[in-house]
Amino acid sequence: MSDISILIRNDAGEEERTVEAGTRAWQLFADDPDVVAARVGGALKDLSYELAAGDAVESVAIGSPDGLDILRHSTAHVLAQAVQQVFPDAKLGIGPPITDGFYYDFDVESPFVPEDLAKLETAMRKIIKENQRFERRVTNDADALTELADEPYKVELIGLKGSGNAEDAAEGAGAEVGAGELTIYDNINRKGEVAWKDLCRGPHLPTTKRIPAFKLMRSAAAYWRGDEKNKQLQRIYGTAWPTKEELEEHLHRLEEAEKRDHRRLGRELDLFSFPDEIGSGLPVFHPKGGVIKREMEDYVRQRHIEEGFSYVGTPHITKDGVFHTSGHLPYYADTMFPPMEFEGANYQLKAMNCPMHNLIFSSRGRSYRELPLRLFEFGHVYRYEKSGVIHGLTRVRGFAQDDSHSYCTPEQAPDEVKHLLDFMLSVLRDFGLDDFYLELSTRDDSKPDKFVGSDEDWATATEILEKVATESGLDLVPDPGGAAFYGPKISVQAKDAIGRTWQMGTVQYDFNQPARFGLEYTSSDGSKQQPVMIHSAKFGSIERFLGVLVEHYAGAFPPWLAPIQVEGIPIAERHADYLYDVAAQLRKQGIRVEVDDSDDRMQKKIRNAQLQKVPFMVIAGDADVEAGAVSFRYRDGRQDNGVPIAEAIERVVAAVRSREQV
């Protein structure tokens, strides 16, 4: 048998190696049990892949992002096999990997119940123990349609393949079928028989026994291909990890996340609600939630003024022509509420503020001396999110953006992007978020119809954003294809107190709208020039950011944001007036304070304040009244007795004004 030359890449560099023709990828990495796949010429391949001369090969470890996806997608296949063992009439939908786990959709007669999940886990363990081999085979449309004739949803996906839009046809459909080669994976048992099969692009683990730790989490209803006009299927969610320890850590994080769920804490702390009478995804803020929201607005409004922005205001509704001019229609039509027709024109609830800011810019002539011109508003926008994705405050249909737009010369653009990024990071740090990385979203060159502008414009904008992001010193992660239709963007990804990552603010470079609106300024030589427009939102949306903060702090806000900053607790009824006087002094310093003069015993009052996560308590009894002092108690249970009133007030005021994270 002849030899072939291949290139092996790893962290240490590149090594040219001669191997026998017919060598499989697994033979290169047989000594490393953590390797679950190979990347050959940039494409993920099963370890059974037969190497060809000139191949550049990299190992894919189970703990890497690609390795985790392969582990979880393989586990989804084991789940589907188990479902069809336990429920033989079940029809298969799709089963992609997702963040921290996987799901698979099924058409079954009755919804799954918790007892079903327990049965399925047992069946999955048996499949895993059988050490079934994942074996890939290439097929064609006609053969696949015959072979999978009893699987109507797979048949539908095969029909989509030829249109070239299979990956766009449904969330996760890209894991099943694309516009290229059609493949089926067989699960081969110890007897060499096909125990089960599924339409899939792969790759997969070598065998089921390479699944170390998994758990089925829950079931839910889901429309086929994400379209509410289609049949409702049953979706099972699960998670899989390289070790049992990592699985336990993940489950612990989920348990902690459940305790921090902002929807539950919003009810318990009386911050906000979602009345059915108003509509899904449209929150109302109660007085305590309103306090936090107002503090956030006051803070970021003042910060924008300090950073050179002018505060503006625009209406909630507009003729739809401005969205055609901006280019948002038809690109964003599916996420906008239907138009309203009156007085011979179509009006839309605004889904973004930028077109109206462009009209402010163009309302009179502009000189280069005014640039960069920075406009800012709390613009309330409305987006028609599908009911299945609405989630508390973090995914709503009506929200306020701390939206800003900078108009500058091309030469000023790099410095303005840096200014906006530094501004955004400082805002997040003031709110207690300080673990970041950046994501650079660029266009997908394979889908030119989804983006506007010349190659030169995109190259210039992307280069500027990438340079500024790199110079920030933060890790930069590419997001190919994630750009807005009008230009690339930098987004800040921030980790919360339990390690979850949230997308926060964005900086977007826009060379499209200035041209479409005919924006211009007079340059130093008297010529008319087109400005660059840079979008930025520091919170993203106030509602979403507040929801993130509730979970980050588990409802225990730092004193400057806490709805009630001080709770006065009289030991007996006769001490209430004394604490009302202390409260009045605190209010003169701008402190939010309440006195609990209920009939509850002191310990119950303290407990109530702790449940409401009040940062400070001032307690008074006979000795305190006589000494002109209070017992000063912190939220974590620490207590200093006999603190003079003036000192107690000073402690509170200092903590609030410094934005101390108590």
ask   = Can Phe431 and Leu549 be said to form a side-chain contact (heavy atoms from CB on, under 4.5 Å), step by step?
value = CA-CA 8 Å; Phe431 281 88; Leu549 289 181; 3.6 Å; yes
inquiry  = Are the side chains of Leu438 and Val477 in contact, using a 4.5 Å heavy-atom criterion?
reply    =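 In short, these two side chains do not touch, never coming nearer than 4.5 Å.
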message = I want to check something: taking the side chain as every heavy atom from C-beta on, are Ile360 and Thr314 in contact at a cut-off of under 4.5 Å?
response =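 Yes, at least one pair of side-chain atoms sits under 4.5 Å.
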Shortest non-hydrogen contact between [X] and [Y], atoms and distance:
X: Ala413; Y: Ile464; result: CB-CD1, 4.4 Å
X: Pro514; Y: Met533; result: CG-CB, 3.6 Å
X: Ala221; Y: Gln232; result: CB-CD, 3.5 Å
X: Ala400; Y: Glu543; result: N-OE1, 2.9 Å
X: Asp402; Y: Gly540; result: OD1-N, 3.4 Å
X: Ala351; Y: Met336; result: CB-CG, 3.8 Å

Using a 6.0 Å cut-off, check whether atom [atom1] of [X] has over 12 heavy atoms from anything other than its own residue.
X: Lys613; atom1: NZ; value: yes
X: Asp334; atom1: CG; value: no
X: Glu258; atom1: CD; value: no
X: Lys288; atom1: NZ; value: yes
X: Glu650; atom1: CD; value: no
X: Glu306; atom1: CD; value: yes

Using a 3.5 Å distance criterion without hydrogens, assess whether the side chain of [X] forms a donor-acceptor pair with backbone atoms of [Y].
X: Arg235; Y: Ala220; result: no
X: His552; Y: Ala497; result: yes
X: His262; Y: Leu393; result: yes
X: Ser367; Y: Glu370; result: no
X: Glu385; Y: Gly281; result: no
X: Arg592; Y: Ala562; result: yes
X: Glu466; Y: Glu463; result: no
X: Trp458; Y: Val452; result: yes
X: Arg516; Y: His324; result: yes
X: Thr522; Y: Gly526; result: no

Reported [atom1]-to-[atom2] distance for the pair [X] and [Y], which is rounded to 0.5 angstrom:
X: Ile649; Y: Leu586; atom1: CD1; atom2: CG; answer: 4.5 Å
X: Asp403; Y: Cys354; atom1: CG; atom2: SG; answer: 7.0 Å
X: Gln612; Y: Ile564; atom1: CD; atom2: CD1; answer: 6.5 Å
X: Ser441; Y: Leu465; atom1: OG; atom2: CG; answer: 9.5 Å
X: Gln508; Y: His405; atom1: CD; atom2: NE2; answer: 8.0 Å
X: Thr335; Y: Lys386; atom1: OG1; atom2: NZ; answer: 11.0 Å

Using a strict 4.0 Å threshold on nitrogen-to-oxygen distance, state whether [X] and [Y] make a salt bridge.
X: Asp320; Y: Lys350; answer: no
X: Asp227; Y: Arg225; answer: no
X: Glu416; Y: Arg374; answer: yes

inquiry  = Taking ring-ring contact (aromatic ring centres under 6.0 Å, His included) as the criterion, tell me which of Phe485, Phe323, Phe337 meets it with Tyr332.
reply    =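 The option that passes is Phe485.
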query = Among Tyr407, Phe511, Tyr509, Tyr486, which one satisfies ring-ring contact (aromatic ring centres under 6.0 Å, His included) with His535?
reply =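 In the set Tyr407, Phe511, Tyr509, Tyr486, the residue that makes a ring-ring contact (aromatic ring centres under 6.0 Å, His included) with His535 is Tyr486.
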task = Would you verify whether the NZ or CZ of Arg397 falls within 45 degrees of the ring axis of Tyr382 while also being under 6.0 Å from that six-membered ring's centre?
result =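 Checked: cation-pi criterion not met.
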task = Decide whether a cation-pi geometry holds between Arg366 and Tyr521; the criteria are a distance under 6.0 Å from NZ or CZ to the six-membered ring centre and an angle within 45° of the ring axis.
result =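 The answer is no, since Arg366 fails at least one limit relative to Tyr521.
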Under 3.5 Å, is there a donor-acceptor pair between the [X] and [Y] side chains?
X: Asp457; Y: Thr460; answer: no
X: Ser64; Y: Asp66; answer: no
X: His304; Y: Lys538; answer: yes
X: Asp510; Y: Gln513; answer: yes
X: Glu377; Y: His357; answer: yes
X: Trp224; Y: Asp105; answer: no
X: Thr501; Y: Gln493; answer: no
X: Gln348; Y: Lys319; answer: no
X: Arg369; Y: Ser524; answer: no

task = Evaluate the criterion salt bridge (charged side-chain N to carboxylate O under 4.0 Å, His left out) for residue pair Asp100 and Arg253; output intermediate values, then yes/no.
result = CA-CA 11 Å; Asp100 291 340; Arg253 286 194 298 269; 5.4 Å; no
query = Under 30°, 30 to 60°, or over 60°: which ring-plane class applies to Tyr299 and Trp560, parallel, tilted or perpendicular?
reply =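 Tilted: the ring planes of Tyr299 and Trp560 meet at 30° to 60°.
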ask   = What's the verdict on side-chain contact (heavy atoms from CB on, under 4.5 Å) for Phe399 and Ile542, showing C-alpha distance, side-chain angles and the deciding distance?
value = CA-CA 7 Å; Phe399 55 93; Ile542 290 176; over 6 Å; no
ask   = What's the verdict on side-chain contact (heavy atoms from CB on, under 4.5 Å) for Thr318 and Tyr347, showing C-alpha distance, side-chain angles and the deciding distance?
value = CA-CA 5 Å; Thr318 176; Tyr347 284 76; 5.7 Å; no
inquiry  = Please determine whether side-chain contact (heavy atoms from CB on, under 4.5 Å) holds for the pair Val656 and Ile591, giving the CA-CA distance in whole Å, both sets of side-chain angles, and the decisive distance to 0.1 Å.
reply    = CA-CA 8 Å; Val656 170; Ile591 302 301; 3.9 Å; yes
inquiry  = For Phe378, give me all partners under ring-ring contact (aromatic ring centres under 6.0 Å, His included), at least two apart in sequence or on another chain.
reply    =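 By the ring-ring contact (aromatic ring centres under 6.0 Å, His included) rule, Phe378 matches Phe376.
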task = Using the salt bridge (charged side-chain N to carboxylate O under 4.0 Å, His left out) rule, pick out the option among Lys259, Arg500, Arg260 that qualifies with Glu551.
result =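 Option passing the salt bridge (charged side-chain N to carboxylate O under 4.0 Å, His left out) with Glu551: Arg500.
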ask   = Of the options Arg294, Lys293, Arg301, which is the one that meets Glu297 in a side chain to side chain donor-acceptor pair (under 3.5 Å)?
value =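 Answer after filtering Arg294, Lys293, Arg301: Lys293.
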